[in-house]
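Report on one structure; see the data block that follows.
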Amino acid sequence: MAERRWRTPDEWLAERPRRHPEPDPAVARRVAEILAALRAGGGAALVALEGGLRVHPGMPVAEAVRSPAATPIEVGVRGAADAAGADLAAALRDVRARLRRLLAPGLPRDAVQEDPAGGRTQMRAVPLERVGVYVPGGRAPYPSSVLMAGVPARLAGVREVVLCTPSADPAVLAAADVAEVDRVFLLGPVQAVAAMAWGLSPVPRCDRVVGPGGPWVVEAKRQLFGQVGLDALPGPSEIVVVASPGADPAWVAADLLAQAEHGPDGLVLLVATDGSLAARVEGEIACQAARLPEVRRADALACLAASGGPVVAASPARALALAEEIAPEHLSLQGAAAEALAPEVRRAAAVFVGPWSPVAGADYGAAGDHILPTAGAARFASALSPADFVRRVQVWTGAAGGVGLWAPAAEAIARAEGFAAHEASIAARRRAAPP
């Protein structure tokens with residue numbers, strides 16, 4: 001039997017399976033219709049539309065906003081953690097404590113500089129007043145994502161945290177209780193993002209909306225860009241595993257399947273440095289996938305097939321170069337070359353080095369926040385952190401004796417730009433300042 005020919009990094013890049021899909025026109029139109037109806041009808045339209053779409057998700061928007069099926073959309077969360085059971089409550093509190101320790105160093109601090117004349121420039125870190133969190137609930141409940149958004153917001157000093165989610169899953173409500181979320185609303189994705197962005201009664205207006213989601217969340221955020229602070233346009237889960245000699249095929253397979261089971265739209269790619277290792281990982285995937293529940297197995301295998309792998313690179317450096325080109329959400333480095341490659345990584349949202357660093361552990365608080373940039377956005381974006389919930393406010397308290405330190409340069413640049421009033425404002429201070 002002829003030896004199997006594996007894709008090379010260049011061949012995979014030439015195909016680039018499903019990397020940057022264009023917005024679905026049908027989704028964009030539907031989102032625009034919902035937003036227009038909510039803009040026109042306000043809180044009454046929000047409650048009616050939510051009620052109608054719960055009964056018939058495909059109902060025309062014009063019909064949904066007149067639906068008599070309106071139901072209460074706010075639920076309480078105090079006591080939800082204990083009601084969910086002692087084991088889950090303890091696990092949620094353990095993750096909250098770990099996140100606080102891991103994320104606290106990223107909290108922006110006030111900074112002050114003084115010039116020789118006593119002038120003072122201060123950079124104040126001011127927490128946002130109110131933050132909205134959306135947590136999806138389609139394929140699975142995500143209590144972990146409630147913590148990943150709520151904990152850094154509270155660390156930053158946000159006064160009010162609002163959560164929107166499609167259903168009252170007990171684990172999600174328990175996480176909201178542990179994360180000290182103030183209010184929880186049961187809303188579908190488009191309605192939720194719009195309500196938090198605009199303040200559609202009873203949902204209060206938020207300064208920033210964060211959290212994961214599918215194409216409806218992405219499109220709602222895209223259409224509301226500039227009207228509210230946003231974290232990112234979240235995409236499907238991603239992992240690239242760079243496996244060099246010595247990597248455990250069973251553990252590599254387990255890590256790939258753990259991300260692939262999120263759904264068939266993800267990017268889950270093995271980049272190995274030799275074909276025999278790739279073959280052993282594929283064999284492990286087949287064995288381990290057979291033990292998954294049917295729906296998870298189908299999602300995982302569809303995701304792996306659509307991702308176009310495995311890929312075999314000529315060297316660890318070439319394997320890493322492919323990963324850097326992808327700039328994935330999760331980059332796992334396994335095998336003998338892992339430690340040497342780790343300092344070279346520049347373009348990945350989160351890096352997992354060695355066999356004892358599974359991405360699945362980080363999904364539940366082992367290594368920081370799991371709300372990460374996807375679809376190549378790791379080239380310019382970072383994990384959600386307390387800094388995302390803080391504004392930097394510049395405060396300048398000038399001193400008369402310090403005008404000479406900055407005025408000559410400022411006047412010269414004002415003249416170069418042709419702004420006479422700018423120059424005059426500066427010159428007035430220079431003339432009045434003591435010599």
Side-chain angles (χ1 to χ4, degrees), residues 74 76-78 81 92-93 95-113 120-135 142-165 172 175-185 192-213 217 221 224-234 349 365 367-373 380-397:
E74 186 168 6
V77 294
R78 294 298 165 257
L92 292 169
R93 290 177 177 128
V95 172
R96 177 187 63 186
R98 187 177 299 108
L99 282 173
R100 284 175 171 170
R101 292 194 301 271
L102 292 171
L103 298 179
L107 184 62
R109 308 290 180 184
D110 289 358
V112 179
Q113 290 188 345
R120 185 172 68 254
T121 302
Q122 182 181 13
M123 193 71 73
R124 291 176 53 211
V126 179
L128 300 181
E129 187 74 15
R130 184 184 296 119
V131 164
V133 178
Y134 180 75
V135 171
Y142 291 99
S144 57
S145 293
V146 178
L147 296 175
M148 296 292 167
V151 170
R154 285 303 190 197
L155 269 175
V158 172
R159 293 189 182 182
E160 186 176 5
V161 178
V162 174
L163 170 67
C164 289
T165 191
V172 169
D177 186 13
V178 169
E180 301 176 317
V181 169
D182 294 286
R183 301 178 72 181
V184 176
F185 299 92
V193 176
M196 292 187 286
W198 292 336
L200 302 178
S201 180
V203 182
R205 185 182 183 187
C206 298
D207 301 315
R208 190 174 180 86
V209 175
V210 304
V217 171
K221 287 184 174 182
L224 290 168
F225 180 81
Q227 300 179 50
V228 65
L230 297 169
D231 55 341
L233 299 180
D369 208 289
H370 80 200
I371 298 178
L372 300 164
F380 53 82
S382 306
L384 196 69
S385 78
D388 291 292
F389 301 101
V390 170
R391 295 171 51 248
R392 290 189 174 276
V393 179
Q394 291 185 169
V395 181
W396 181 26
T397 307

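Each residue takes its place number in the sequence, starting with 1.
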Check your understanding: Does the side chain of L155 come within less than 4.5 Å of F389's, by heavy atoms?
Key -> no

Review point. Between T165 and V135, is there a donor-acceptor pair closer than 3.5 Å when you use the side chain of the first and the backbone of the second?
Key: yes

Study note, to complete from the structure: CG (L200) and CZ (R205) are apart, to the nearest 0.5 Å, by 10.5 Å

Practice item. Rounded to the nearest 0.5 Å, what's the gap from CD on E74 to SG on C164? Could you check? Key: 9.5 Å

Practice item. Measure from the side-chain N and O atoms of D110 to the backbone N and O of A125, and report whether any donor-acceptor pair falls under 3.5 Å. Key: yes

Practice item. With side chain to side chain contact (heavy atoms under 4.5 Å, CB included) as the test, would you mind laying out the steps for V193 and L224 before giving the verdict? Key: CA-CA 8 Å; V193 176; L224 290 168; 3.6 Å; yes

**Study point:** Whether R96 side chain and V178 backbone form a donor-acceptor pair below 3.5 Å
**Key:** yes

Point to revise | side chain to side chain contact (heavy atoms under 4.5 Å, CB included) assessment of E180 paired with V161 | key: CA-CA 8 Å; E180 301 176 317; V161 178; over 6 Å; no

**Study point:** Contact summary for D231 and G211, nearest pair of heavy atoms
**Key:** OD2-N, 2.9 Å

Check your understanding: Within a strict 4.5 Å, meaning less than it, do heavy atoms of the H370 and S145 side chains meet?
Key -> yes

Practice item. Any chance you could lay out the salt bridge (charged side-chain N to carboxylate O under 4.0 Å, His left out) test for D182 and R130, step after step, and finish with the verdict? Key: CA-CA 10 Å; D182 294 286; R130 184 184 296 119; over 6 Å; no

Exercise for review: Kindly compute the distance separating CG (L147) from CZ (R154), expressed to the nearest 0.5 Å.
Suggested key: 13.0 Å

Exercise for review: Compare every heavy atom of R208 with every heavy atom of L230, then report the nearest pair and how far apart it is.
Suggested key: O-NH2, 3.2 Å

Point to revise | Nearest-0.5 Å distance, CE of residue M196 to CG of residue L163 | key: 7.5 Å

Practice item. Would you check if S385 and P152 make a side-chain contact, meaning some heavy-atom pair closer than 4.5 Å? Key: no

Review point. Would you say D207's side chain and E129's backbone share a donor-acceptor pair under 3.5 angstrom?
Key: yes

Practice item. Starting at CD of Q394, measure out to CD of Q122 and round the result to the nearest 0.5 Å. Key: 11.0 Å

Study note, to complete from the structure: Minimal heavy-atom distance between L99 and G365, with the atoms involved, is CD2-CA, 4.4 Å

Review point. Between R183 and P204, is any pair of side-chain heavy atoms under 4.5 Å apart?
Key: yes

Point to revise | Minimum-distance pair of heavy atoms, taken over all atoms of A149 and L384 | key: CA-CD2, 4.0 Å

Review point. Is the side chain of R98 donor-acceptor paired with the backbone N or O of G368 at a distance under 3.5 Å, no angle test?
Key: no

Exercise for review: Return the minimal non-hydrogen interatomic distance between V217 and P234, and the atom names on each side.
Suggested key: CG1-CG, 4.3 Å

Practice item. Of all the heavy-atom pairs spanning A349 and L372, show the shortest one and how long it is. Key: CB-CB, 4.0 Å

